[in-house]
Peer 1: 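One structure, as structure tokens, below. Some questions next.
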2 protein chains.
Amino acid sequence: MVLDPPPDEALRWVERIAKYCADQDGVPLIAGRILGWLTIAVPAEQSATQIAAAIGASRASLTTNLRLLDSVGFVTQLTHPGERTVYYRVDDGAWARVVRRQVASLAALGEILQDGTDLVRGSPEGAARMRVANEVFAWLADVFAHAPPMPGETRTAGRAAPEEPS
Amino acid sequence: MVLDPPPDEALRWVERIAKYCADQDGVPLIAGRILGWLTIAVPAEQSATQIAAAIGASRASLTTNLRLLDSVGFVTQLTHPGERTVYYRVDDGAWARVVRRQVASLAALGEILQDGTDLVRGSPEGAARMRVANEVFAWLADVFAHAPPMPGETRTAGRAAPEEPS
DNA sequence: AAGCTGGTTCAGTACTGACTGAAATCACGA
DNA sequence: TCGTGATTTCAGTCAGTACTGAACCAGCTT
């Protein structure tokens with residue numbers, strides 16, 4: 001099968017996504033590229049070799065990063081009968097998961113700050129400072145508690161970011 | 001002035017904060033320690049030397065990282081008349097800013113995905129995939145648009161995360 | 001002026017982690 | 001059982017960067 005090389009415009013876009021992933025999320029650059037590419041790839045199913053060609057990375061890197069993306073559920077594998085090749089496609093909820101991860105991460109930070117409250121007990125000035133910090137996270141939790149359910153979400157999610165089991 | 005060494009409990013907590021900053025935000029470990037320490041330090045004003053002693057880092061590192069924290073407005077400098085020493089304290093809105101940064105970052109990601117919509121035009125299957133992704137970010141923007149103002153926020157903030165000018 | 005003291009700059013070190021090429025392994029067909 | 005293509009593992013390279021020690025600078029004090 002001849003792969004038509006992806007247009008420059010697409011590659012630039014993929015690069016933006018990859019940069020975001022690398023800078024903001026700590027995801028390896030190549031993993032970001034894969035994610036970006038699979039998001040706009042047609043057809044959605046792409047073999048590792050195809051992806052490697054599209055984004056210009058080695059097969060070895062593909063193995064590593066596809067496994068990473070798979071382990072966090074950002075891509076799903078699928079195979080066709082009579083074929084040995086494994087195809088990958090971006091999971092429908094991948095980007096939702098990115099959002100949820102970020103939100104959950106903030107919630108975790110809120111927990112930590114909460115725990116710090118005890119440390120400043122004894123100093124009214126310190127306690128006040130800590131209260132200001134905690135209010136922000138209380139506000140955040142509140143915002144999501146009263147938010148409509150995320151698209152693709154089943155429940156209204158009383159707590160910030162429940163992760164579905166693998 | 002004799003500095004009483006910070007209790008173990010406090011140091012452990014500072015370390016948790018630092019770890020969060022380093023892992024989730026890409027902030028240098030020491031900067032995270034400074035931020036954590038200043039959050040629970042009593043008194044709130046601490047000199048670079050004091051901080052260095054408390055978290056066990058070199059003065060040089062303090063210079064670098066205090067400047068970093070200052071440049072993003074997480075700490076503020078203050079001086080006392082008749083003294084040369086510069087004192088630092090955590091900015092009241094520091095943690096709010098952390099939250100806002102994260103949210104803004106997600107909004108930016110939403111923009112990027114939005115821009116990708118054009119790339120899949122021509123393939124109904126790809127367009128559908130992209131729409132699913134965009135819906136999540138639309139939902140997120142909506143949540144914050146209808147949220148009560150963040151504590152310490154002046155306006156109701158129609159857009160996600162306006163940064164006050166320096 | 002000399003000597004402190006607090007602050008900054010700079011060059012070097014150490015470390016982490018992404019990425020790759022090549023070897024090893026696996027799964028299936030003949 | 002052998003061969004072949006796809007995949008994985010592994011060791012090594014490389015880049016980026018956090019951190020530090022040491023030298024340097026600027027005011028104050030005597």
Peer 1: Identify, between B/Gln77 and A/Ser58, the residue whose nearest nucleotide on DNA chain C lies closer to the 5' end.
Peer 2: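 Here B/Gln77 is the residue nearer the 5' end.
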Peer 1: Send over the distance from A/Leu62 CG to D/dT8 C1', rounded to a whole Å.
Peer 2: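 Atom CG in A/Leu62 sits about 12 Å away from atom C1' in D/dT8.
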Peer 1: In whole angstroms, how far is the P atom of D/dA18 from the CG atom of B/Asp25?
Peer 2: 14 Å
Peer 1: Keeping the roles fixed (side chain from B/Ser123, backbone from B/Val120), state whether a donor-acceptor pair exists under 3.5 Å.
Peer 2: no
Peer 1: Which one, C/dC19, C/dT20, C/dG6, comes nearest to the side chain of A/Ala60?
Peer 2: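 The nucleotide sitting nearest to the side chain is C/dT20.
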Peer 1: Is the shortest side-chain N to carboxylate O distance from B/Arg97 to B/Asp91 below 4.0 Å?
Peer 2: yes
Peer 1: State which of D/dC19, C/dC19, C/dG6 makes the closest approach to the side chain of B/Pro28.
Peer 2: D/dC19
Peer 1: Record whether the side chain of A/Arg84 comes under 3.5 Å of the base of D/dG5 through a donor-acceptor pair of N or O atoms.
Peer 2: yes
Peer 1: Between A/Trp13 and B/Ile112, is there a donor-acceptor pair closer than 3.5 Å when you use the side chain of the first and the backbone of the second?
Peer 2: yes
Peer 1: Whole-Å distance between D/dA18 P and B/Asp23 CG?
Peer 2: 14 Å
Peer 1: Could you tell me how far apart A/His80 (NE2) and D/dA6 (P) are, to the nearest whole angstrom?
Peer 2: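 Value for this atom pair: 15 Å.
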Peer 1: Rounding to an integer number of Å, can you tell me how far B/Glu83 CD sits from D/dG27 P?
Peer 2: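 In whole Å, D/dG27 P lies 18 Å from B/Glu83 CD.
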Peer 1: Can you check the B/Tyr88 OH to C/dT8 C1' distance for me, whole Å?
Peer 2: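 In whole Å, C/dT8 C1' and B/Tyr88 OH are 10 Å from each other.
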Peer 1: Do the non-hydrogen side-chain atoms of A/Arg89 and A/Gln46 ever get within less than 4.5 Å of each other?
Peer 2: no
Peer 1: Whole-Å distance between D/dT8 P and A/Arg59 CZ?
Peer 2: 7 Å
Peer 1: Would you indicate, yes or no, if D/dT20 has its OP1 or OP2 atom less than 4.0 angstrom from a side-chain nitrogen or oxygen of B/Ser61?
Peer 2: yes
Peer 1: So, is A/Thr63 close to the D/dT8 phosphate, meaning a side-chain N or O under 4.0 Å from OP1 or OP2?
Peer 2: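 Yes, within the criterion.
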Peer 1: Taking the six-membered ring for Trp, are B/Phe144 and A/Phe144 closer than 6.0 Å centroid to centroid?
Peer 2: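 Distance test on ring centres: under 6.0 Å, yes.
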Peer 1: Report the distance from atom CD of A/Gln46 to atom P of D/dT7, rounded to the nearest whole Å.
Peer 2: 13 Å
